[in-house]
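Excluded from the calculations below are hydrogen atoms, water molecules and symmetry mates; all remaining heavy atoms, backbone and side chain alike, are included.
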Amino acid sequence: MPFAQVHSGPDVFEVKVPFANVSTSATNCFVVMDGGEALVVDTGAPTDEGAAVLDASLDELGIDRARATFFLTHLHLDHAGLVDRIVPDGAPVLMSAVDFEAARASRASTAFDASRRRHLAEGVGAGDASGYARYAVEPPLFDPGRVRATFVSEGDEVAVGRFRFRVIEVPGHTPGHLALFEPDSGVLFGGDHVLFVISPGIALFPDGADALQAYLDSLAKVRALGCSRLFVSHGEPRDDFAERIDWLDAHHRERLEEAAGIVAAGPGLTGEQVIRRIKWNVPHGRWEDISFVQRWCILMEGLVILDHLVDRGRIRREVGEDGLRRYF
């Protein structure tokens, strides 16, 4: 059986859609059913194997795709990549307008150059800067004109039979990341906002806003919901999610202190030099031994940390005559 029931009242079925990445081998997609209505939360990555698994699960559950509602927690490849293969023409797909615009902006002709310039200014070598910039360009995930793309935001409701799920904005992992919360049952679909298998990456926001502060604020918001069951998009769920939220908050604050200490001990370091000195949780002693995609993830996280420290006035950023950004 390609799916498993993981909750009743509302009835929730988990479908593990295969997709190998740095830390996990699947995206957990969810189907909520009640009163003859169905909600599908995320679709998984665009692979033939993934499409077959999700298709078979929806068929076995008896889901009429033309009558179902589809909800995307965020617009990453491993969450929205199967929309065009699973969602029929004209079916509603609920998503964040913020993420939609951010993804579209990343595909603009200027996005690659802007990302590359940022990496170069932080002291990244020219070859790596070009490689990292390619990861910053989001691939087209689906045709928004084919489906009924519907933007939802904080406080909007998504009905499934007797149940009313509230849309919760939890920016951080992406600028417009969304969660779904059902107050009566306490069920929360958190996407990649809180994970156990890894600390979720935090995005550089296109408008330059403090992404790390947005993430910390989102953690506090979810903590205050008092949910009884958190469904995560990668790895296995656990009951100690409140403690995990506290751990994630403390983890990021410790990283901030570490980075600030590195700058204090070595004034004038470039951004890349600071980031490489942070103790990242990777099984490699040398920077060069880390896979390129994981180095990119680390660099993005490091820039988010530096931006936050600058925004809070804890460190300052100066641009030298060589065009490099240095931190003091």
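The existence of a salt bridge linking Lys16 and Glu236 is confirmed by a sub-4.0 Å separation between a basic side-chain nitrogen and an acidic carboxylate oxygen. Using a cut-off of 4.0 Å between Lys/Arg side-chain N and Asp/Glu carboxylate O, Arg118 and Asp307 are scored as salt-bridged. No salt bridge links Asp55 with Arg85; every basic N to acidic carboxylate O contact stays at or beyond 4.0 Å. Under 4.0 Å is where a charged nitrogen must lie from a carboxylate oxygen, and between Glu318 and Arg326 no such pair does. Salt bridge Lys279/Glu254: absent, no basic N to carboxylate O contact under 4.0 Å.
His119 pairs in a ring-ring contact (aromatic ring centres under 6.0 Å, His included) with only one of the listed residues (Tyr132, Trp296, Tyr135), which is Tyr132.
Taking all atoms of both residues into account, the shortest heavy-atom contact from Arg116 to Ala133 is N-CB, 3.8 Å. Closest approach of Asp192 to His177, counting heavy atoms only: N-NE2, 3.1 Å. Minimum heavy-atom separation, Arg164 to Glu182: O-OE2, 3.7 Å. When every heavy atom of Ser106 is checked against every heavy atom of Ala136, the shortest pair comes out as CB-O, 3.5 Å. The two residues Ala260 and Leu309 have their closest heavy-atom pair at N-CD1, 3.9 Å.
Here His79 and His234 bring their ring centres to under 6.0 angstrom of each other. For an aromatic pair to be called close, the ring centres must be under 6.0 Å apart, and His193 with His173 fails this.
Applying the ring pair (Phe, Tyr, Trp, His ring centres under 6.0 Å) rule to Phe30 yields the partners Phe189, Phe231; only residues at least two apart in sequence or on another chain are considered.
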